[in-house]
Every structure is written in C-alpha cells, then in structure tokens.
Amino acid sequence: MAERAKNAMLEVRGLKKYFPVRRGLLQRQVGWVKAVDGVDFTLEKGKIMGLVGESGCGKTTTGRMVLRALDPTEGEILFRKESGAIVDMAQLSNREIKEVRSEMQMIFQDPYSSLNPRMPVLDLIAEPLVAHGWSSRDCEVRVTELMERVGLDPRYIRRYPHAFSGGQRQRIGIARALALSPSLIVADEPVSALDVSVQAQILNLLQQLQQDLNLTLLFVAHDLSVVRYLCDEVAVMYQGRLVEQAQTEDLFTNPRHPYTAMLLNAAPAPDPHASWMDEDVDTSEAGEAGDVGEGCAFAGRCRYASDRCRSEVPGLEDAGGAHIAACHHKDEVELKGV
Ligand code: SF4
C-alpha cells in the first residue's frame, strides 16, 4: 500500500456519508442511512479505477463526495494538485473548492438532462472557461479544439443539444469536462444511458483521451463488462463499504469476496460490449445501504457464512499482491458455485 501511495493522485480515507431518516408530522430524526460507511482507496496518477456495485451501494455518492459535489460526513479526500501540493477536499471552503475544480471534473450519466437545452454547444462547453475568466475569443478557440478532440464537427458549434444524437451529446459532456484540462475526472455511469453500439464508441474515446492526456479516471459503473474493458483496477462496493479491490484481470479471474464472485458468475461471457448486470443479477435481497449492525453485511446471501461472519465485521485485508478483500473466508472463494 505504501508503494502505491507514492504515485497517488487521490487517496480516500475513512469516507462516510450518513443521511438522516425523518418520520412523522414533525419530521423527527429517527436514525441514519449510512450511504457510504468508511471507504478507503487509492487512485494512482494516469490510471482508471472502476468503482462498481449494485444500485444503492454508495458508489455514486462516493464519486460525488470526491469532487465535493456532496459534503462528506467524515473522512479524508486527499487530492494531489498539479503543483504537487496535497489538499484534503473534505476540509476546503467553497472558495477553495472552486480553485481546485479546474483540476477535477465530472462526466455525468445522462447526456440528455445534464446539458441545458437552451444553450448552444459553444456556451455549454465554454461555461467552465467563462467561470474562470476566459475571454469570448479564447473560449471559441478552445471549444473548437475540444470539439475536434472528442470527434465532433466544429462547424456545429452554434447548434443546440437537441440537434445531436445521444452519443454526440455525451461527447459534448466530455468536451465540457476537459475544458479546463483537469488531471482527475469522475465519470458517473457515462455510457449506461446510451445504446450498446454507441457505448463502445464512447468507451474508446475515453480510453484514447486517457492515454493522450494522461488523465486519471474514477469510473463509477454497475456494468462489469464495461469496467473490464476500460479499467486498470476495480473496487467493489456493497452496502456502503468497499469489499474488494484488485487489478482488473486479477479481480475478474480470482475474486476473493463472495459478492464479487456472485456478480461475475452471473456474467455469461467476458464480452466487452455486453451489458448484463441489470438483467441477470438478482438484486432483490441487496436492499438499500443501511446500518449493517454486527457482522458481515453480506452474510444473509453468502454460502460461505459462518458464526464468525455473523458476529464480526470483516475488514479489508491483503489477499495477495495488490489485491485486498473484506471477507473472513476469502481463501475459500471460488468463481463458480457461489
Ligand atoms: Fe461471506 Fe463471511 Fe465473507 Fe461475509 S465474511 S462475505 S459472510 S464468508
């Protein structure tokens, strides 16, 4: 872990997000929903990390907290700036966040709702530049360059979003995210709203941009086939906690957590263009992230569960190499038959 931290662009430590649960006429607080409950991970410079899990596992909340689009309840978000200085995003004031924002940006899931339909492409992509004081002329030059880079014809610079297809709109979203030359991008399910054929084009674009610009990407996704295609490393979340993290091929061929193995067993084939998880995995028992109480949150679904699992929460432990897993029986896990 110490070796990995040397090249760290982002280190997340003990990150938590609790939402109050209110009931009754007076909306009294009766408890907490622990959407994210103590997440730790390190993302190296120039790498793509997939953050995966079922709906409600806390992955999107984690991604939003990294950018401080959402305030954490607790924890550290250590970001290495281009200057080499390390800042804790969790501690920054709004003014300080604005300064750092040029170095970290977000690509949103839905290219339809994330773009203002009343703004032409020029203004949409230039918005972050304008906020940082760029002149109109410089904005137009930069937007033209960005459109070319993401595969859009700059002749359409004054067209509105409705004139573009779903894939083209996501390219607009990507160009906008790149406008200020960020070093870290959080991509929140950036292809899940697109047709399968278009997904591949956008994934190839992201891969090319990552290589050309040496970007660091936190790729939030539910689709493991997409993650396998794009990511160097994968972190798996379950009910607000990280349960496994490994290099991508290691995780896909040698999962050490029963939950990861269950997800992989549901995949019919390692087809990089297949989208299987929504349809094929029974998530009915997953529930929403909440208070897991004593013991392992996965125990009720796990064929390896023992008495120890029901009384002791497993912590993340070394599972060989750069592989870590939170399971008392990680050495017994098999890819088939979970
Ligand atoms: Fe299953 Fe026990 Fe591992 Fe939890 S700790 S995943 S219950 S074997």
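Here the structure is a predicted model, which means the values were calculated and not measured. Whatever order the structure lists them in is the order used to number ligands and atoms, beginning at 1.
Regarding atom 1 (Fe) of ligand 1, its nearest protein heavy-atom neighbour is C302 SG, 2.3 Å. Residue, atom and distance of the protein heavy atom nearest to atom 4 (Fe) of ligand 1 are C296 SG, 2.3 Å. The protein non-hydrogen atom at the shortest distance from atom 2 (Fe) of ligand 1 is C309 SG, 2.2 Å. Considering only non-hydrogen protein atoms, atom 3 (Fe) of ligand 1 sits nearest to C327 SG, 2.3 Å. Here the protein heavy atom with the shortest distance to atom 5 (S) of ligand 1 is H328 N, 3.3 Å.
Around NZ of K330, the count of heavy atoms belonging to other residues, nucleotides or ligands within 6.0 Å exceeds 12. Within a 6.0 Å sphere centred on CG of D307, heavy atoms belonging to other residues, nucleotides or ligands number 12 at most. Heavy-atom neighbours of D153 CG from other residues, nucleotides or ligands within 6.0 Å: above the threshold of 12. Counted within 6.0 Å of CZ on R101, heavy atoms from surrounding residues, nucleotides or ligands total more than 12; the atom is thus considered enclosed.
In this structure a side-chain-to-backbone donor-acceptor pair under 3.5 Å is present from E244 to H257.
Close approach to H257 involves these atoms of ligand 1, each under 4.0 Å from a residue heavy atom: 6 (S). Taking a cut-off of under 4.0 Å to the non-hydrogen atoms of P314, the atoms of ligand 1 that pass are 5 (S). Close contacts between ligand 1 and A299 involve ligand atoms 7 (S) [criterion: under 4.0 Å to a heavy atom]. Distances below 4.0 Å separate heavy atoms of P258 from the following atoms of ligand 1: 1 (Fe), 6 (S). Residue Y304 approaches ligand 1 through these ligand atoms, each under 4.0 Å from one of its heavy atoms: 8 (S).
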Item to complete: Show the numbers, then the answer: is there a salt bridge (Lys or Arg N to Asp or Glu O under 4.0 Å) between E74 and K16?
Response: CA-CA 5 Å; E74 203 176 302; K16 296 181 181 177; 3.7 Å; yes
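When non-hydrogen atoms are compared, ligand 1 lies under 4.0 Å from neither the backbone nor the side chain of K330.
Closest approach of M65 and P72 over heavy atoms only: SD-CA, 3.4 Å.
Remark: K81 is not positioned above the aromatic ring of F79, lacking an NZ or CZ atom under 6.0 angstrom from the ring centre and at most 45 degrees off the axis.
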